[in-house]
Amino acid sequence: MPLKIYNTLTRKKEEFVPLTPNKVNMYVCGITPYDECHLGHARAAVVFDVVYRYLNYLGFGVTYIRNFTDVDDKIIKKANDTGVTCQTVSEKYIQSYTEQMTRLGVQTPTCEPKATEHIQEMIFHIQKLIDRGMAYVSGADVFYEVRKFSSYGKLSQKKIDELESGARIEVDERKKDPLDFALWKSAKPGEPEWESPWGKGRPGWHIECSAMSSKYLGDQFDIHGGGRDLSFPHHENEIAQSEGATGKDPFARYWIHNGFVNINSEKMSKSLGNFLSVKKILEEWDPEVVRYFLLSANYGSPIDYTPEAMSNAQEALTRFYEALNRLEKTETGEDVLPEFSLQEILEIPLNDDFNTTQVIGKIFEYVRELNRFLDQGKYPSESSLNEFKASLQKVTNVLGFFGQDPQVFLDIQKTKALQSSTISEEEIQRLIIERREARKSKNFKRSDEIRDQLAAQGIVLKDSPDGTTSWEVKK
RNA sequence: GGCACGGUGGCCAAGUGGUAAGGCGGAAGUCUGCAAAACUUCUAUCCGCGGGUUCGAUUCCCGCCCGUGCCUCCA
């Protein structure tokens, strides 16, 4: 049963066949580091992290490149506004991005090249485009001549003439056509600059991805990913640059685009000012909850960020860990656990265009079976328990969640919830002991009083058959 | 205006040419001194609206309405 991927280029789900058997080359557009990354950036990173992990699970040798575009208008602006160098700005946010992604369980790609470290490759690429007549020099600037690339618009399904009539493109005297875009920008005061055959200047946006992808993955490779908002113009221009320079088509065989994270049904973005940084969100929510949330809908659809959705994710994870905790605590015996089929739970759903939502659904179906098993007073055999754990571990390795020690997860949630409560853990313990005595002497009036009192403060008690009482925080 | 994507129960969200996963929530029951948790049952005669194709469509086609995105920096 083959892996199928929805290819933006063809707008169809296609069977995935790599260029070289057993090997996958994948390039994903990373960030422009000029500010704290927000949930939208995290979604892209997490989505492609799962793609990467799953391809590895399937046994492919994956070379995964995710770049940093560390030369850009916004970085320059930030640097000038704050009186530091561009490098200071980009390094600061690259570091922060790396930290947040690590917390979210995002694995480090094979290589994370920086644009500024590939200026020579870009210059070489631009020269190639000029030599092939796809680009022209205008003063000390170099532009890509869009009309020379006949299939321009094939990814975003736009037609050049329709784009022209869009009339939102500013007129630039130096361009032959308003749609032409800059490959090389001449030096201006207060901007970083490099030597080039066309004079001092800096690369335009887009060319870094063409140059770096070909350097690390070759002129043609398997998967190219990024957020949906990059499909035009960024990816369209990348295609034009790469195919225009090599004459090889297609540049990337499968294009995968992840959907946005919305807030109030609107795209979360810097320009709209409605973004929430990952840093901020992680102050409030467990990284696993965030990751679960990001993967709980299919990667291509938009997801709406709301506190309710986050708490929903947390509740779901709690349900999962409660069941797992019961299993951990139970004694072993002779009964065989319900079958946990990796094929059914993981592979069939993920082979269908990385359907993580369905994997989660299957996991919860299993949770019910597991609880049923334990409710029936059965004791799992050592071997079936080990088998289950090994399989679950594989799911965890691909999804990047469901892998914590259940007791640890539950305790962390409790501690966190307690922070915003008025009652202390000691006080709860004291009341539990008092209630135990009351219950022993069948003073149910007092015991119920204590429970109600705690309940009023959001603490819910759970009496177990052996006489002990545990508690949890309910919002 | 052009192009793209989407409209599934109270909310979130999968999915399929043959009759609707899962999570949250709600109702009843089992368990419990009573609860909580768990389990069981129930909670969309129906998948935006109107046509069409078909033995049969939520799933395919056409039209319409609504939402979002891209067309300018953007994951």
Side-chain angles (χ1 to χ4, degrees), chain A residues 8 11 28-32 34 37-48 66 69 72-74 77 153 156-159 161-170 179 205 225-234 236 257-262 265-272 275 292-293 296-298 300-304 306 308-309 311-320 322-323 326 349 352 355-376 439 442-445 447-448 451-452 455 460-465 469-472 474:
Chain A
T8 314
R11 311 273 159 167
V28 172
C29 289
I31 56 157
T32 299
Y34 73 98
C37 59
H38 60 65
L39 245 203
H41 301 112
R43 188 181 192 191
V46 165
V47 161
F48 290 103
R66 191 186 59 206
T69 300
D72 165 89
D73 293 358
K74 291 188 173 177
K77 185 177 185 312
S156 51
Q157 303 197 166
K158 293 182 190 303
K159 293 184 179 60
D161 294 330
E162 285 165 359
L163 284 166
E164 296 266 87
S165 62
R168 281 171 91 177
I169 317 133
E170 55 185 88
L179 286 175
W205 181 41
R228 212 184 269 316
D229 46 1
L230 293 180
S231 62
F232 190 91
H234 184 58
E236 202 66 71
H257 290 95
N258 65 277
F260 302 131
V261 175
N262 291 161
S265 304
E266 244 183 4
K267 179 187 172 190
M268 180 184 288
S269 78
K270 288 285 169 69
S271 34
L272 288 171
F275 63 94
Y292 177 97
F293 166 71
S296 62
N298 280 171
S301 355
I303 43 173
D304 219 44
T306 59
E308 292 71 34
S311 125
N312 202 307
Q314 187 173 48
E315 290 294 321
L317 277 170
T318 303
R319 174 171 162 79
F320 171 79
E322 292 270 17
R326 285 182 75 187
D352 187 14
N355 194 332
T356 52
T357 314
Q358 215 165 54
V359 178
I360 292 171
K362 298 276 183 200
I363 291 284
F364 281 104
E365 281 177 42
Y366 189 82
V367 164
R368 176 169 296 121
E369 280 187 71
L370 186 59
N371 276 320
R372 204 181 289 149
F373 173 92
L374 294 167
D375 274 1
Q376 284 165 358
R439 288 181 76 210
K442 302 251 186 275
N443 183 358
F444 294 123
K445 186 166 171 278
S447 94
D448 286 353
R451 193 177 54 210
D452 291 346
V460 180
L461 299 182
K462 273 165 89 169
D463 297 326
S464 67
T469 298
S470 61
W471 58 274
E472 59 186 54
K474 264 275 147 40

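Keep in mind that the numbers below use all heavy atoms, side chains included, and drop hydrogens, waters and symmetry copies. Chain naming here is simple, since letters A, B, ... match the order of the sequence lines and numbering starts at 1 in each. Predicted model only: the values in this text are computed from it and were never measured.
- Minimum atom distance to the side chain of Glu365(A) is reached by G22(B), of the listed G22(B), A36(B), C5(B).
- Within the 4.0 angstrom heavy-atom criterion, base atoms lie near His38(A).
- Judged by Watson-Crick or G-U wobble contacts below 3.5 Å, the nucleotide C60(B) has G52(B) as its partner.
- Using C1' as the reference atom, A44(B) and G10(B) are 11 Å apart when rounded to the nearest Å.
- Between the CD atom of Glu266(A) and the P atom of U68(B) there is a distance of 8 Å, given to the nearest Å.
- Following rounding to the nearest Å, Trp471(A) (CH2) and A36(B) (P) show an atom-to-atom distance of 19 Å.
- Both distances falling under 3.5 Å, in either a Watson-Crick or a G-U wobble arrangement, occur for no nucleotide opposite U32(B).
- For C3(B), neither phosphate oxygen OP1 nor OP2 lies less than 4.0 angstrom from any side-chain nitrogen or oxygen of Gln157(A).
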Just the atom pairs and distances: protein N or O near nucleotides 6-8 of chain B's N or O, under 3.5 Å.
none

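- Between the CZ atom of Arg319(A) and the CD1 atom of Ile363(A) there is a distance of 12.5 Å, given to the nearest 0.5 Å.
- A side-chain N or O of His257(A) and one of Thr8(A) form a donor-acceptor pair less than 3.5 Å apart.
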Pairwise N/O distances under 3.5 Å, protein to nucleotides 39-43 of chain B:
{"from": "C39(B)", "atom 1": "OP1", "to": "Arg319(A)", "atom 2": "NH2", "distance (Å)": "3.2"}
{"from": "C39(B)", "atom 1": "OP1", "to": "Asn371(A)", "atom 2": "ND2", "distance (Å)": "3.4"}
{"from": "C39(B)", "atom 1": "OP2", "to": "Arg319(A)", "atom 2": "NH1", "distance (Å)": "3.4"}
{"from": "C39(B)", "atom 1": "O4'", "to": "Asp375(A)", "atom 2": "OD2", "distance (Å)": "2.8"}
{"from": "U40(B)", "atom 1": "OP1", "to": "Arg372(A)", "atom 2": "NE", "distance (Å)": "2.8"}
{"from": "U40(B)", "atom 1": "OP1", "to": "Arg372(A)", "atom 2": "NH2", "distance (Å)": "2.4"}
{"from": "U40(B)", "atom 1": "OP2", "to": "Arg368(A)", "atom 2": "NE", "distance (Å)": "3.4"}

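- Considering only side-chain atoms of Ile31(A), the nucleotide from G69(B), G22(B), A75(B) that sits closest is A75(B).
- Listed nucleotides: C71(B), A75(B), G69(B). Nearest to the side chain of Met268(A): A75(B).
- Comparing C11(B) with U16(B), their C1' atoms sit 24 Å apart, to the nearest whole Å.
- Counted by atom type alone, Asp72(A) and Thr32(A) present zero donor-acceptor pairs between their side chains at under 3.5 Å.
- The distance from atom CG of Leu317(A) to atom C1' of C24(B) is 13 Å, rounded to the nearest whole Å.
- When the C1' atom of G15(B) is taken as reference, atom NZ of Lys362(A) falls 10 Å away, rounded to whole Å.
- In this structure, Ser231(A) and Lys270(A) both approach RNA chain B, and ranking their closest nucleotides by distance from the 5' end singles out Ser231(A).
- With sequence neighbours excluded, the residues satisfying ring-ring contact (aromatic ring centres under 6.0 Å, His included) with Phe320(A) are Phe402(A).
- Asn262(A) has its CG atom 17 Å from the P atom of C5(B), to the nearest Å.
- Evaluation of the side-chain contact (heavy atoms from CB on, under 4.5 Å) rule for Lys442(A) yields Phe444(A) as partners, not counting sequence neighbours.
- When distances run from any side-chain atom of Asp448(A) to the nucleotides G22(B), C34(B), A75(B), the shortest one goes to C34(B).
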Distances for protein N/O vs nucleotides 26-32 of chain B N/O pairs under 3.5 angstrom?
none

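- For the C1' atoms, the distance from C24(B) to A13(B) is 11 Å, rounded to whole Å.
- Taking atom C1' in both U32(B) and A36(B), one finds a spacing of 9 Å when rounded to whole Å.
- Judged as a side-chain hydrogen bond (donor to acceptor under 3.5 Å, both in side chains), and not counting sequence neighbours, the contacts of Arg326(A) are Asn371(A), Asp375(A).
- When the side-chain contact (heavy atoms from CB on, under 4.5 Å) test is applied to Lys462(A), the partners found at least two apart in sequence or on another chain are Glu322(A), Ser470(A), Glu472(A).
- Residue Lys462(A) has its side chain nearest to A36(B) when only A36(B), A75(B), G33(B) are considered.
- Counting any heavy atom pair closer than 4.0 Å across all strands shown, Gly259(A) reaches a base atom.
- Rounded to the nearest 0.5 Å, atoms CG (Asn298(A)) and CG (Asn258(A)) are 12.0 Å apart.
- Applying the side-chain contact (heavy atoms from CB on, under 4.5 Å) test to Ala313(A) and every residue at least two apart in sequence or in another chain returns Val289(A), Tyr292(A), Phe293(A).
- Atom name P, nucleotides U41(B) and U54(B): the rounded distance is 41 Å, in whole Å.
- The same atom, C1', is picked in A14(B) and in G50(B); the two are 27 Å apart, to the nearest Å.
- Partners of Thr356(A) according to the side-chain hydrogen bond (donor to acceptor under 3.5 Å, both in side chains) rule, which considers only residues two or more places apart in sequence or in another chain, do not exist here.
- Residue Asp229(A) contributes atom CG, which lies 17 Å from atom P of C5(B) at whole-angstrom precision.
- Pairing of G25(B), defined by two Watson-Crick or G-U wobble distances under 3.5 Å, is identified with U43(B).
- If you check distances only, the side chain of Lys74(A) does reach the base of C73(B) with a donor-acceptor pair under 3.5 Å.
- At a threshold of 4.0 angstrom between heavy atoms, the contacts of Gly40(A) include nucleobase atoms, whether or not backbone atoms are also involved.
- What separates CG of Leu179(A) from C1' of G2(B) is a distance of 13 Å, to the nearest Å.
- Here Asp229(A) pairs with Lys267(A) under the side-chain hydrogen bond (donor to acceptor under 3.5 Å, both in side chains) rule; sequence neighbours left out.
- Of all nucleotides listed (G23(B), C73(B), G33(B)), G33(B) comes nearest to the side chain of Asp463(A).
- Taking the 5.5 Å centre cut-off and the 30° plane limit, the aromatic side chain of Phe444(A) is classed as stacked on G33(B).
- With a 3.5 Å ceiling on both atom-pair distances, U16(B) lacks any Watson-Crick or G-U wobble partner.
- Taking atom P on both nucleotides, C5(B) is separated from C42(B) by 38 Å, rounded to a whole Å.
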Polar atom pairs (N or O), protein with nucleotides 10-14 of chain B, under 3.5 Å:
{"from": "A14(B)", "atom 1": "OP1", "to": "Asn298(A)", "atom 2": "N", "distance (Å)": "3.1"}
{"from": "A14(B)", "atom 1": "OP1", "to": "Ser301(A)", "atom 2": "OG", "distance (Å)": "3.3"}
{"from": "A14(B)", "atom 1": "O3'", "to": "Asn355(A)", "atom 2": "ND2", "distance (Å)": "3.0"}
{"from": "A14(B)", "atom 1": "O2'", "to": "Gln358(A)", "atom 2": "NE2", "distance (Å)": "3.1"}

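- Taking atom CZ of residue Arg11(A) and atom P of nucleotide C3(B), one finds them 13 Å apart after rounding to whole Å.
- When both pairing distances are held under 3.5 Å, G67(B) makes a Watson-Crick or G-U pair with C5(B).
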Distances under 3.5 Å only, N/O to N/O: pair up the protein atoms with those of nucleotides 65-67 of chain B.
none

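- Heavy atoms of Val47(A) sit nowhere under 4.0 angstrom from any nucleic acid atom.
- The gap from the C1' atom of C47(B) to that of C31(B) amounts to 37 Å, rounded to the nearest Å.
- Nearest-nucleotide mapping onto RNA chain B: of Leu230(A) and Pro233(A), the residue sitting toward the 5' end is Pro233(A).
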